[in-house]
A.B. asks: 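This structure is in structure tokens; I'll ask about it shortly.
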Amino acid sequence: QVHLVESGGGSVQAGGSLRLSCTASGNTVSRNCMAWFRKGPGKEREGVALIERFGTKTYAESARGRFTISKDNAKSTVYLQMNSLKPEDTGMYYCASRFSDDCDIHGSRASTTFEYWGQGTQVTVSS
């Protein structure tokens with residue numbers, strides 16, 4: 001069983017920054033695709049960023065240029081550095097994992113392909 005635990009959420013003003021962390025059990029981070037999804041108020045869950053097993057990164061259009069995903073295999077932790085935050089970035093942010101070399105975060109069904117999920121960490125951006 002894979003366990004994912006997120007941390008680092010909080011409340012910031014627009015333009016601020018936050019760094020989210022996701023610590024995973026076992027060798028999950030080195031073996032799996034790791035992704036961040038979010039669900040804003042009144043919105044469907046959407047993919048934000050993905051880092052594949054060998055380090056390839058993918059971003060949602062809304063995150064590109066502002067967010068950076070990274071990982072530390074030795075610490076079994078994935079990070080999401082979020083800069084220039086906007087009110088529309090508000091939501092619950094979830095860490096997700098999938099044991100595959102074919103991962104994607106785009107599309108309404110992308111989240112259904114991920115097998116393991118954390119409990120989420122809340123991000124609130126005020127204007």
A.B. asks: Look at the side-chain heavy atoms of Ile, Leu, Val, Met, Phe, Trp and Tyr, link any pair under 4.5 Å apart, and say whether I51 and V29 land in one connected group.
C.D. replies: yes
A.B. asks: At their closest point, which heavy atom of K43 faces which heavy atom of K39, and how far apart are they?
C.D. replies: O-NZ, 2.9 Å
A.B. asks: Are R66 and D89 side-chain neighbours, meaning at least one heavy-atom pair lies under 4.5 Å?
C.D. replies: yes
A.B. asks: Would V2 and Y93 show up in the same hydrophobic cluster when neighbours are defined by side-chain heavy atoms closer than 4.5 Å?
C.D. replies: yes
A.B. asks: Between OG1 of T124 and CG of L85, what distance do you get to the nearest 0.5 Å?
C.D. replies: 10.5 Å
A.B. asks: Could you pull out the closest heavy-atom pair between A14 and S127, with the gap in Å?
C.D. replies: CB-CA, 4.3 Å
A.B. asks: How many angstroms lie between CZ in F67 and CD1 in I69, if you round to the nearest 0.5 Å?
C.D. replies: 11.5 Å
A.B. asks: Is the backbone N or O of Q81 less than 3.5 Å from a side-chain atom of S17, with the two atoms forming a donor-acceptor pair by type?
C.D. replies: no
A.B. asks: Looking at C103 and E52, what are the two nearest heavy atoms and their distance?
C.D. replies: O-OE2, 4.4 Å
A.B. asks: Answer yes or no: is there a donor N or O on one side and an acceptor on the other, between the side chain of T58 and the main chain of L50, under 3.5 Å?
C.D. replies: no
A.B. asks: Quick check on the hydrophobic clustering: are L80 and Y94 connected, directly or via other members, by side-chain heavy-atom contacts under 4.5 Å?
C.D. replies: no
A.B. asks: For A24 and L4, work out which heavy atoms get closest and say how close.
C.D. replies: CB-CD2, 3.5 Å
A.B. asks: Just wondering, do Y116 and T28 contact through their side chains at under 4.5 Å, heavy atoms?
C.D. replies: no
A.B. asks: Please report the closest heavy-atom contact between A60 and H106, naming both atoms and the distance.
C.D. replies: CA-NE2, 4.1 Å
A.B. asks: From R38 CZ over to S62 OG, what is the distance, rounded to the nearest 0.5 angstrom?
C.D. replies: 4.5 Å
A.B. asks: Around E115, counting heavy atoms of other residues, nucleotides and ligands shown, do more than 12 lie under 6.0 Å from its CD?
C.D. replies: yes
A.B. asks: Out of curiosity, S97 OG to R31 CZ, how far, rounded to the nearest 0.5 Å?
C.D. replies: 9.0 Å
A.B. asks: Answer whether the closest heavy-atom distance between the side chains of N32 and R98 falls below 4.5 Å.
C.D. replies: no
A.B. asks: Decide yes or no for M82 and V123: does some side-chain heavy atom of the first lie under 4.5 Å from some side-chain heavy atom of the second?
C.D. replies: yes
A.B. asks: May I ask you to decide if G120's main-chain N or O and E6's side chain share a donor-acceptor pair within less than 3.5 Å?
C.D. replies: yes
A.B. asks: Within 45° of the axis and under 6.0 Å from the centre of the six-membered ring of Y79, does NZ or CZ of R19 qualify?
C.D. replies: yes
A.B. asks: So S21 and K75, do their side chains get closer than 4.5 Å, heavy atoms only?
C.D. replies: no
A.B. asks: Do Q122 and T90 come within less than 4.5 Å of each other through their side chains, counting heavy atoms only?
C.D. replies: yes
A.B. asks: Following the transitive rule for hydrophobic clusters with a side-chain heavy-atom cut-off under 4.5 Å over Ile, Leu, Val, Met, Phe, Trp and Tyr, establish whether L20 and V78 coincide in one cluster.
C.D. replies: yes
A.B. asks: For a quick test of reading the model, state the closest non-hydrogen atom pair linking S126 to P87 and the distance between them.
C.D. replies: C-CG, 4.5 Å
A.B. asks: Does Q119 have more than 12 heavy atoms from other residues, nucleotides or ligands lying within 6.0 Å of its CD?
C.D. replies: no
A.B. asks: If I take atom OG from residue S111 and atom CD from residue E44, how far apart are they, to the nearest 0.5 angstrom?
C.D. replies: 9.0 Å
A.B. asks: A side-chain contact here means heavy atoms from C-beta on lying under 4.5 Å apart; do Y59 and T68 qualify?
C.D. replies: yes
A.B. asks: Give, for atom CE of M92 and atom OG1 of T121, the distance between the pair rounded to the nearest 0.5 Å.
C.D. replies: 7.5 Å
A.B. asks: Taking the side chain as every heavy atom from C-beta outward, state whether D101 and R53 have any pair of such atoms under 4.5 Å apart.
C.D. replies: yes
A.B. asks: How would you list, by chain and number, every residue that makes a ring pair (Phe, Tyr, Trp, His ring centres under 6.0 Å) with F37, sequence neighbours excluded?
C.D. replies: F114, W117
A.B. asks: Among the clusters formed by ILVMFWY side chains lying less than 4.5 Å apart, do V48 and I105 turn up in the same one?
C.D. replies: no
